[in-house]
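Every chain is numbered from 1 and lettered A, B, ... according to where its sequence line falls, protein lines coming before strand lines. Source: prediction; values computed, not measured.
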Number of protein chains: 2
Amino acid sequence: MGYLANTPRLDGLIERLESAEGLEDLQLLIEELRDRYGVDHIVYHWVAASGQQYGCGTYPMEWVNRYLEMGYLRIDPVIQGCYQRFHPVDWKRLDWSGKAARAFLQDAIAHGIGNQGFSIPIRGPNGQFALFTLSHSGPDEDWARFTDENRRDLILVAHFFNQKALEFEPGRTPDPVQPLSPRELEAMTLLAIGYSRAQAAETLSISEHTLRVYVESARFKLGAMNTTHAVARALSRGLIVV
Amino acid sequence: MGYLANTPRLDGLIERLESAEGLEDLQLLIEELRDRYGVDHIVYHWVAASGQQYGCGTYPMEWVNRYLEMGYLRIDPVIQGCYQRFHPVDWKRLDWSGKAARAFLQDAIAHGIGNQGFSIPIRGPNGQFALFTLSHSGPDEDWARFTDENRRDLILVAHFFNQKALEFEPGRTPDPVQPLSPRELEAMTLLAIGYSRAQAAETLSISEHTLRVYVESARFKLGAMNTTHAVARALSRGLIVV
DNA sequence: GCCCCCCTCGCAGTTTTTGGGGAGTGGATT
DNA sequence: AATCCACTCCCCAAAAACTGCGAGGGGGGC
């Protein structure tokens with residue numbers, strides 16, 4: 001029992017993952033994966049914007065609901081930390097100072113999440129961001145060895161999970177991802193780094209009115225309400241980088 | 001010789017990849033990888049928005065220079081296509097209609113890039129985007145079998161290459177991230193999803209003036225010039241998620 | 001106890017942005 | 001050849017955002 005036993009072969013699992021046809025299949029696979037690894041929980045969590053979550057996993061319902069109700073998304077150090085990282089990270093290496101974070105951790109442990117955790121950040125087009133997380137209750141050394149041994153497999157599994165999630169997600173990219181023109185991108189970039197319209201126009205050596213046309217055009221293409229919204233969308237979709 | 005022979009073991013290579021200490025090491029590893037796989041070229045290419053390139057690989061110098069001079073970054077269907085994709089893609093599945101694209105392909109083949117290609121998109125924090133590409137000259141069937149057999153290994157290799165590239169990134173200055181208060185975060189989030197100050201204030205059930213205080217405070221903490229700038233910074237620092 | 005930060009509210013005036021019109025050039029695609 | 005799109009420029013009025021002034025209560029840390 002447990003992850004001390006051995007490292008399971010994942011060959012067949014990824015094939016089945018690739019042929020999954022719905023969230024239900026992913027749920028079954030994630031449960032099987034948890035049993036194979038002998039860890040307490042495995043969760044795939046698409047971290048979407050304004051509170052809207054999406055994913056599958058083995059966390060108890062009460063915890064998932066509590067997470068949503070309490071707005072833990074905003075204070076969860078796993079989210080905060082992984083958002084700035086590329087490589088998988090052990091929960092112990094995250095920043096748990098801060099009162100809210102410690103309270104959150106206590107609450108999580110009380111809900112049986114476990115004292116150990118390992119989260120893999122995954123990013124897709126248009127700023128999509130998701131986490132693939134394993135959690136467990138046990139001593140540090142065992143957990144360190146477990147994660148070290150299975151790191152590569154887990155990265156791959158996380159990748160294929162996210163691929164499927166992207167396939168299954170209908171409402172996440174309904175708007176045709178209309179690309180911005182080069183000039184529009186330049187304008188948005190300048191605004192994103194703090195330039196006023198007048199400054200941006202001067203920088204691009206065009207009239208302020210012309211720049212305004214770009215901003216309006218970009219705003220329209222991005223379906224944004226105002227300039228700030230447009231810049232936010234362009235950023236989170238990875239169209240521009242600051 | 002060539003990729004028909006067999007599938008090399010990558011066990012040792014990833015370890016060496018993880019212990020690489022500079023771009024030179026990555027260059028050596030990528031050449032070794034090319035020889036092991038028996039393909040014509042392998043390239044890791046960090047695609048920066050501002051036109052700045054960065055990476056390593058086995059493309060001939062003339063081609064790299066020509067790519068930059070001609071501004072191929074803007075018309076390369078591999079870039080365009082992978083930017084909207086999550087999963088690795090064979091070049092044949094990309095959109096090569098368009099006059100510029102076909103001319104680009106002719107030019108690439110003339111420079112010995114090969115008629116086959118397989119590119120893996122990789123994404124990091126703050127909208128970082130890179131490609132890990134293998135290219136070769138040969139028949140379709142062989143290439144299809146090769147890429148199919150080695151897909152998973154290549155995804156992993158691409159991942160670790162990008163990890164190293166992120167470590168080596170020159171302008172990596174972790175500016176002190178001054179945390180925003182909960183109310184400030186709420187205000188910034190609402191603005192980021194398109195609310196006006198009045199709407200945001202109403203949503204939070206506070207006066208518009210109070211909301212303004214939050215925004216100004218957040219702007220000050222983030223060192224931002226205006227609201228749009230502040231939202232952009234909060235987003236790219238992962239303080240808020242939209 | 002004191003200080004700092006977070007939260008909340010108000011008024012007045014200036015600057016900037018936005019929304020809605022219109023108009024012409026050049027390049028690329030069809 | 002026709003069409004579409006990107007790019008450039010202009011005016012005007014209304015809405016929104018910014019600047020600068022001030023005020024008070026509550027909580028946590030030193």
Can A:D142 and A:Q116 be counted as having a side-chain donor-acceptor contact under 3.5 angstrom?
-> no

Do we see a donor-acceptor contact under 3.5 Å between the side chains of B:S135 and B:H41?
-> no

Look at A:R212 together with A:E216 and state whether they make a salt bridge at an N to O cut-off of under 4.0 Å.
-> yes

Please state how far atom [atom1] in [X] lies from atom [atom2] in [N], giving the value in whole angstrom units.
X	N	atom1	atom2	value
A:E184	D:dA6	CD	C1'	8 Å
A:L204	D:dA6	CG	P	17 Å
A:E202	D:dC9	CD	P	13 Å
B:I206	C:dG10	CD1	P	11 Å
B:H229	C:dT17	NE2	C1'	18 Å

Nucleic acid footprint by protein, nucleotides 11-30 of chain D - heavy-atom cut-off 4.0 Å, B for base, S for sugar-phosphate alone = BB----BBBB----------

Using heavy atoms to find the nearest nucleotide of DNA chain C for B:L211 and B:L180 separately, return the residue whose nucleotide is more 5′.
-> B:L180

What nucleic acid atoms does A:T210 come within less than 4.0 Å of, heavy atoms only: base, sugar-phosphate, or nothing?
-> base

Is the shortest side-chain N/O distance from A:K221 to OP1 or OP2 of D:dC5 below 4.0 Å?
-> no

State whether B:S181 places a side-chain N or O below 4.0 Å from either non-bridging phosphate oxygen (OP1 or OP2) of C:dC7.
-> yes

Side chains of B:I30 and B:Q27 in contact at under 4.5 Å (non-hydrogen atoms) | yes

A:F132 ring center within less than 6.0 Å of A:H159 ring center | no

If you draw a 6.0 Å radius around OH in A:Y59, do more than 12 non-hydrogen atoms from other residues or ligands fall strictly inside?
-> yes

